[in-house]
Amino acid sequence: MQAPSKSDVAGLLQRLVARELPGGSTLEAWDSFLRAHATLMRRLEVDLAQATGLALADFDVLAQLARAGGELRMTDLATRTLVSRSGMTRRVARLVEEGLVRRANADTDGRGVVVALTDAGVARLTETAPVHLRGVSEMFVAKLADQELALLKSALDKVSVDCTFG
């Protein structure tokens, strides 16, 4: 059997797109969103790691804990950081070894696990946050007008779904 030509494959994709995504710019908007997300996250990850030695995912854990007042139940932390529960367990275990967070049983029922920032975690967050926030400012915020940022937030809020991972 002969392989389809490049134009046959391209035509097939165009027909599928036209059928599933009517309206010419929909796939282009999706592609732009994916490229922006991937490139921004990659740059922020590399810049933070090079400047501070901290992984972006670890920074996110520390930042989410700080935003919540210093502690969260493990399940809530996993939801806020969009990390699976098993992935969060491994990440928190490593951060405990580094002395940046501590684990404790939840006071309310004793069944859940609470993760809390330590003084060292607060210090590490204080050291790394300016690097990360400068990157967000330079690569994202500075490129968009206030009206565009508000519109983008509103649009993305409409498509945000429950991202609780197993």
Given side chain to side chain contact (heavy atoms under 4.5 Å, CB included), test L72 with R80 step by step and report yes or no.
CA-CA 10 Å; L72 281 168; R80 288 181 184 213; 3.7 Å; yes

Does CG belonging to D31 count more than 12 external heavy atoms closer than 6.0 Å?
yes

I'd like to know whether CG of D119 has more than 12 heavy-atom contacts from other residues, nucleotides or ligands below 6.0 angstrom.
no

Counting distance only, does the side-chain N/O of T118 pair as donor-acceptor with the main-chain N or O of L100 below 3.5 Å?
yes

Which heavy-atom pair separates E138 from K143 by the least distance, and what is that distance?
O-CE, 3.8 Å

Would you please test L156 and F33 for side chain to side chain contact (heavy atoms under 4.5 Å, CB included) and show each step?
CA-CA 10 Å; L156 293 176; F33 168 75; 4.0 Å; yes

Closest approach of M74 to T89 (non-hydrogen atoms, all atoms of both residues):
CE-CA, 4.3 Å

Counting N and O atoms only, with roles assigned by atom type, does the side chain of Q64 sit under 3.5 Å from a partner on the main chain of T81, one being a donor and the other an acceptor?
no

Candidate pair F59 and T52, rule side chain to side chain contact (heavy atoms under 4.5 Å, CB included), full reasoning:
CA-CA 10 Å; F59 172 82; T52 70; over 6 Å; no

Partner of L54 by side chain to side chain contact (heavy atoms under 4.5 Å, CB included), out of H132, R124, E127:
R124

For atom CZ of R43, decide whether the heavy atoms of other residues, nucleotides or ligands shown that lie under 6.0 angstrom number more than 12.
no

Of L65, D58, L77, the residue whose pairing with V101 passes side chain to side chain contact (heavy atoms under 4.5 Å, CB included):
L65

Does the pair M88 and V61 meet the rule for a side chain to side chain contact (heavy atoms under 4.5 Å, CB included), with working shown?
CA-CA 9 Å; M88 183 57 66; V61 168; 4.0 Å; yes

Taking every heavy atom of R91 against every heavy atom of A57, the minimum-distance pair comes out as CZ-CB, 3.3 Å

